[in-house]
Asker: 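Following this message is one structure expressed as structure tokens.
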Amino acid sequence: MKILFMGTPDFALPTLRELCLAGHEIVGVVTQPDKPKGRGHHLTPPPIKVFAIEKSIPVYQPLTLRGEEFEQTLKSLDPEMIVVVAYGKILPQNVLDYPKYGCVNVHGSLLPEYRGAAPMQRAIIDGKTVTGITTMLMAAGLDTGDMLLKCEVEIGENDNFEDIHDRLSEAGAKLLVKTVEKLEKGEITPEKQDDSKATYAAKIEKSDCLLDFSLDAKTLHDLIRGLSPIPLSFTHTPDGKLLKVVESRIFDAEKTVKALPGTVLSVGEDIKVVCGKGILSLLTVVPEGKGRMSAADFVRGRKIAEGALLR
RNA sequence: CGCGGGGUAGAGCAGCUUGGUAGCUCGUCGGGCUCAUAACCCGGAGGUCAUGAGGUUCAAAUCCCAUCCCCGCAA
């Protein structure tokens, strides 16, 4: 199959890799332009570009897919199918319509739930125990296309975003390859999404990341792991310094303590914090201006004491 | 030239503003107490204070200069 691949971050990497291994002809890779990244704002190529160059696949980084220029590119490559995984731009109708087998997208949720930008994070934050991958034929709306194949992935009680991200990106790669095979043989009947059951997973905002200890321990734990290791949830120590939380555990889900939520109950190997309901144990943190360290190390540096209020 | 923090004992840090004996919480080793312990008490080992036969000074972890490295934010 002559496939044009469109994707940008690490999440898309396994899919491109598996497509290559499956022996498909990747006629080109479309990815976002290099962007200033990291300390010093050096221009950094997206992971997909790095991989494509290694494999000697032609790379295209158009500023826009609209207009003559990309239309010409598309015609010259003449793909039979376009595979899109976390590309980061909206595909215009003329692109959607071009390939014989259509544009197939890998989405990190069990559609129609969690359409949108941050399906994995939102599923964890909501405390879901199962999520998955859906492949679909892309349509004009946001993640509204007809569904092709699905596979489920369990979310463990302490799994974080990274765990789920890695698991789903691998699962997505396998499912996509399978989808391509079956689609080519005409073995899939696309299934319409039930719009009435659709939910939307909005992009993570900074305001989503502030820990509100008046919530219960389970909710906070889910938020912390859903945002870890990026962008990380945060609170503030009494001196006003930022304190990000990388890893937590529910110490006690039910116990209510007569103290202001956010109060540090004890320090030692972990930092136990009073919540609206229950007690949360912080295990790994990132203090302002520092790197990640265990709660025990943070405590040894005498950066926090029993009775301190986090807010 | 995006903004900022930092490099001091195995770990996490203080000390630097106002130069003058290397300090804290842990860990580690030895001893003690205890029915017992990750608890408690006593004692010890362990540091070129990132680098520079740099600058200033009677004297530099501390002030000045240069270089290297690490990290957070922002994107």
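All values reported here derive from a predicted model rather than from experimental measurement. Computed from heavy atoms alone, side chains included, the values below leave out hydrogens, waters and symmetry copies. Residue numbering restarts at 1 for every chain, and letters A, B, ... go by the order of the sequence lines.
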Asker: With rounding to whole Å, what would you report as the distance between B:rG27 and B:rG44 at their C1' atoms?
Answerer: 14 Å

Asker: Indicate whether any N or O donor in one side chain lies under 3.5 Å from an N or O acceptor in the other, for A:Asp126 and A:Tyr114.
Answerer: yes

Asker: Check the distance between B:rG2's P and A:His42's NE2 and give it to me in whole angstrom.
Answerer: 8 Å

Asker: When both hydrogen-bonding distances must be under 3.5 Å and the geometry is Watson-Crick or G-U wobble, what is B:rA53 paired with, if anything?
Answerer: none

Asker: Nearest whole Å is fine: how far is B:rG27 C1' from A:Glu269 CD?
Answerer: 11 Å

Asker: Suppose you measure atom C1' in B:rA74 against the same atom in B:rC63; what distance do you get, rounded to whole Å?
Answerer: 33 Å

Asker: Taking B:rA9 as the reference, what is the distance to B:rG4 when you measure between their P atoms (whole Å, please)?
Answerer: 27 Å

Asker: Classify the nucleic acid contact of A:Lys35 as base, sugar-phosphate or nothing, counting any heavy atom under 4.0 Å across all strands shown.
Answerer: nothing

Asker: Expressed in whole Å, how much space separates the C1' atoms belonging to B:rA22 and B:rG30?
Answerer: 24 Å

Asker: Whole-Å distance between B:rG6 C1' and A:Lys241 NZ?
Answerer: 12 Å

Asker: For A:Ile271 and B:rC26, what is the distance between atoms CD1 and C1' respectively, to the nearest whole Å?
Answerer: 15 Å

Asker: Answer yes if the side chains of A:Asp166 and A:Ser169 hold a donor-acceptor pair under 3.5 Å, and no otherwise.
Answerer: no

Asker: Given the P atoms of B:rG31 and B:rC16, what is the spacing between them in whole Å?
Answerer: 39 Å

Asker: Can you tell me how far P of B:rA75 sits from CG of A:Leu43, to the nearest Å?
Answerer: 17 Å

Asker: Rounded to the nearest angstrom, tell me the gap between atom CD in A:Glu205 and atom P in B:rA74.
Answerer: 12 Å

Asker: In whole Å, what is the span from the CG atom of A:Leu232 to the C1' atom of B:rA74?
Answerer: 15 Å

Asker: Sort out the partner of B:rG43 for me: Watson-Crick or G-U wobble, both distances under 3.5 Å, none otherwise.
Answerer: B:rC29

Asker: Checking base pairs now: Watson-Crick or wobble, both atom distances under 3.5 Å. What partners B:rC16?
Answerer: none

Asker: What is the minimum heavy-atom distance between A:Leu283 and A:Ser281, and which atoms define it?
Answerer: CD2-OG, 3.6 Å

Asker: Go ahead and name the base partner of B:rC68; Watson-Crick or wobble counts if both distances stay under 3.5 Å, otherwise write none.
Answerer: B:rG7

Asker: If I compare all heavy atoms of A:Thr256 with all of A:Gly276, which pair ends up nearest, and what's the gap?
Answerer: CG2-O, 4.2 Å

Asker: Mark up nucleotides 10-16 of chain B, 5' to 3', with B wherever a protein heavy atom is under 4.0 angstrom from a base atom, S wherever such an atom reaches only the sugar-phosphate, and - elsewhere.
Answerer: -BBSS--

Asker: If I pick the P atom on B:rA14 and the same atom on B:rG6, what distance separates them, to the nearest angstrom?
Answerer: 8 Å

Asker: Within the 3.5 Å criterion, strictly below it, is a donor on A:Ser248 or A:His221 matched to an acceptor on the partner's side chain?
Answerer: yes

Asker: Is any side-chain nitrogen or oxygen of A:Arg39 closer than 4.0 Å to OP1 or OP2 of B:rG2?
Answerer: no

Asker: Distance alone, cut at 3.5 Å: any donor-acceptor contact between the side chains of A:Gln61 and A:Asp34?
Answerer: yes

Asker: Expressed in whole Å, how much space separates the P atoms belonging to B:rU56 and B:rC13?
Answerer: 35 Å

Asker: List in chain and number order the residues that pass side chain to side chain donor-acceptor pair (under 3.5 Å) with A:Ser233, two or more places apart in sequence or in another chain; answer none if no residue qualifies.
Answerer: none

Asker: Think A:Lys206 has a side-chain N or O under 4.0 angstrom from the OP1 or OP2 of B:rC73?
Answerer: no

Asker: Rounded to whole Å, please give me the gap between CZ in A:Arg292 and C1' in B:rG5.
Answerer: 18 Å

Asker: Flag the pair A:Pro36 / A:Leu43 as yes when at least one side-chain heavy-atom distance between them is below 4.5 Å, and no otherwise.
Answerer: yes

Asker: For B:rA39 versus B:rC29, give the span between their P atoms, rounded off to a whole number of Å.
Answerer: 13 Å

